[in-house]
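Before any comments, here is the structure.
Side chains included, hydrogens not; waters and symmetry mates left out as well; all remaining heavy atoms used. All ligand and atom numbering here is 1-based and tracks the order in the structure.
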Amino acid sequence: MRVLKFGGTSVGKPENMQMVSDIINRDDEQKIVVLSAVSGTTNSLVAIGEELYKGYQAKALLLVDELYSRYELFLKNLYKKDEFYQRGKSAVDLQFAEIRGMIGEPFTDKEERVLLSKGELMSTQMFSWFLTENGFDNNLIWALDFMSVDEDHEPDMTAIRPKLAKILDDNRQKNLLITQGYICRNAEDEVDNLKRGGSDYTASLIGAAVNAKDIQIWTDIDGMHNNDPRIVDKTAPIPHISFDEAAELAYFGAKILHPATIRPAMDFKIPVRLLNTMDPEAAGTIISEAK
Ligand code: ASP
Ligand code: MG
């Protein structure tokens, strides 16, 4: 079993979803595919939440309408057959109906967490129907059914592991399992999340829970660089670093991985590969035990 996580840009356009499909269908090894929300979505949901906190219902509605227009266009360009367009669209419409239902109602932290979960719930359903339309058998598995945090908001491995094992057993015949990054349940069984950028962390927790061969983090840059490519001109990807070095880099603010991601992989000695969806043949970076 391998775990492959694709970030917001990797699922940010229909063309990019096609690239993700090409990558995960290169062989028929069993995979759990973790997706972020379509790029920009979580930021928009945060902005909608801010308006709802302030009681600015009209402004919130405007932002919801704007976001919905983006999804309408995305759906039109994603599917070829009306049947699959309709399936993708109903999944998205259902989430938007719930978002719209929050307008004019009391809005607390609890509603905000439900609001923030919508991005990953939509990207995964859209992608799953896209795979099905293209003849790739897959099943959606729901992060809210197995990913959880305890009272201290720490991932609850003793709960995650058996739940996921049961789900995998029920899906033995499926080579491709698609799931949501970022979202989880908390100790009160409410919808919660692993904090911004948390999809990496989801992938690493799943990798540890199923003892995966590796955890692949697919983004839009070719691995970890020896300098910050946004600041320094000529940077090069580092082919291999140790867990300790990666943890240190993340701790010091290297923006490539959610900082908690390394820990579960390190504890269970599962190599983490950083790869580039836009350049799938590039070697990227391997984070593993010793050099
Ligand atoms: N969609 C969430 C965020 O933007 C989680 C993620 O992309 O990892 O923070
Ligand atoms: Mg994101």
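- Residue contact check: S36 has heavy atoms under 4.0 Å from atoms 6 (C), 7 (O), 8 (O) of ligand 1.
- Using a non-hydrogen distance threshold of 4.0 Å, G198 registers as a contact of ligand 1.
- In this structure, H258 falls outside the shell of residues with a heavy atom less than 4.0 angstrom from ligand 1.
- R263 has no carboxylate O lying under 4.0 Å from a charged side-chain N of D267, or vice versa, which leaves the two without a salt bridge.
- Look at G197 and you'll find a heavy atom under 4.0 Å from some atom of ligand 1.
- Heavy-atom proximity to R196, at under 4.0 Å, picks out these atoms of ligand 1: 3 (C), 4 (O), 9 (O).
- The distance between the ring centers of F127 and F6 does not fall below 6.0 angstrom.
- Short contacts between ligand 1 and Y182, defined as distances under 4.0 Å to a heavy atom of the residue, involve ligand atoms 2 (C), 5 (C).
- Rounding to the nearest 0.5 Å places CD of E120 at 5.5 Å from OG of S36.
- Under a 4.0 Å criterion applied to the non-hydrogen atoms of S199, ligand 1 contributes the atoms 5 (C), 6 (C), 7 (O), 8 (O).
- Residue-to-ligand polar distances keep K195 apart from ligand 1: every N/O pair is separated by 3.5 Å or more.
- For the residue pair D150 and S148, no side-chain donor N or O sits within less than 3.5 Å of a side-chain acceptor on the partner.
- Looking only at atom types and distance, the side chain of T108 has a donor-acceptor partner in the side chain of E111 under 3.5 Å away.
- A salt bridge is defined here as a Lys NZ or Arg NE, NH1 or NH2 lying under 4.0 Å from an Asp or Glu carboxylate O, and E105 with K110 fails to meet this definition.
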